[in-house]
Amino acid sequence: MKKLIMIIVSLPLFFVAPAFAQGDDSDVIKQMNTQWLQSYPKRDTTALSRILAPDFVMISPTGKKLSKGDILQNVLTPDQQIINVTIDSTDLQIVNNVGLLTAYTSFVLKDKEKILKGKNCYSDVYIKRKGTWVAINAHVTLLELK
């Protein structure tokens with residue numbers, strides 16, 4: 001009887017624990033998103049390498065398919081540098097071991113000697129592999145560039 005009472009009393013923990021885990025996962029993915037964006041002005045390929053899965057694929061605003069290697073190389077391009085990125089809003093959905101983050105950002109970039117300001121939106125797909133979140137896919141849409 002005592003065992004049955006302990007099981008019944010413990011049942012809510014089985015339902016609450018995943019909610020806490022998802023909350024932690026949400027924080028991790030949002031932090032990764034921030035680190036990802038901050039890596040561009042810093043030209044931090046180490047952070048990007050950690051965030052992007054080896055099989056990562058991005059569709060650029062021009063429709064070009066880019067690999068992880070392409071992204072790392074683009075960050076170091078001397079003629080173009082992102083000066084600043086601000087996250088305007090984010091939305092995150094997590095189902096099991098898949099996270100879909102949709103965000104809107106404002107940015108300032110230097111293209112050769114010209115300073116440009118813009119806005120974009122993007123969707124990133126994260127997957128939890130062996131207990132670690134990594135980005136496996138992204139699709140970026142340019143909304144404005146002045």
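Remark: K42 NZ to Q35 CD distance equals 8.5 Å, nearest 0.5 Å. Atom CG of residue L116 and atom CG of residue L109 lie 5.0 Å apart, to the nearest 0.5 angstrom.
For the pair S39/V75, no side-chain contact is recorded, criterion being any heavy-atom separation below 4.5 Å from C-beta on. Under the 4.5 Å side-chain criterion, counting only non-hydrogen atoms from C-beta, L37 is in contact with N33. Side chains of K110 and K114 form no contact here, defined as non-hydrogen atoms less than 4.5 Å apart. Side-chain contact check for L100 versus S123: some heavy-atom pair is nearer than 4.5 Å. Residues I29 and I94 are in side-chain contact: their nearest non-hydrogen atoms beyond the backbone lie under 4.5 Å apart.
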Can I get a per-line list of side-chain donor-acceptor pairs under 3.5 Å for residues 84-92, giving both atom names and the distance, sequence neighbours left out?
unit_1 : atom_1 : unit_2 : atom_2 : d
D88    : OD1    : S106   : OG     : 3.3
D88    : OD2    : S106   : N      : 3.3
D88    : OD2    : S106   : OG     : 2.7

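Evaluation of the salt bridge (charged side-chain N to carboxylate O under 4.0 Å, His left out) rule for D111 yields no partner, not counting sequence neighbours. Under the rule for a side-chain contact (heavy atoms from CB on, under 4.5 Å), the partners of A138 that lie at least two apart in sequence or sit in another chain are W36, F56, M58, D124. Considering only residues two or more places apart in sequence or on other chains, Q73 meets the side-chain hydrogen bond (donor to acceptor under 3.5 Å, both in side chains) condition with none of them.
Applying the ring pair (Phe, Tyr, Trp, His ring centres under 6.0 Å) test to every pair with at least one member in residues 81-121, sequence neighbours left out, gives no pairs at all. Judged as a side chain to side chain donor-acceptor pair (under 3.5 Å), the pairs with a partner in residues 132-146 (not counting sequence neighbours) are, in order, D25-W133.
One hydrophobic cluster, built from ILVMFWY side chains closer than 4.5 Å, holds both L52 and I82. By the rule that hydrophobic residues join a cluster once side-chain heavy atoms approach within less than 4.5 Å of another member, L66 and Y126 end up as members of one cluster. Note on M32 and V57: separate hydrophobic clusters, where clusters join Ile, Leu, Val, Met, Phe, Trp and Tyr whose side-chain heavy atoms are under 4.5 Å apart, directly or indirectly.
Across Q81 and P41, no two heavy atoms sit closer than the pair NE2-O, 3.1 Å. Nearest heavy atom pair, residue S49 against residue K68, reads O-NZ, 2.9 Å. Of all heavy-atom pairs between L142 and N120, the closest is CA-CB, 4.1 Å. Pairing each heavy atom of V134 with each of R50, the nearest pair is CG1-O, 4.2 Å. Across every non-hydrogen atom of I136 and A53, the tightest pair is CG2-CB, 3.9 Å.
D70 contributes a side-chain N or O that, together with a main-chain N or O of S67, makes up a donor-acceptor pair within less than 3.5 Å. Without hydrogens or angle criteria, T77 side chain to Q80 main chain gives no donor-acceptor distance under 3.5 Å. Judged by distance alone, with hydrogens and angles left aside, the side-chain atoms of N96 form no donor-acceptor pair with the main-chain N or O of V98 at under 3.5 Å.
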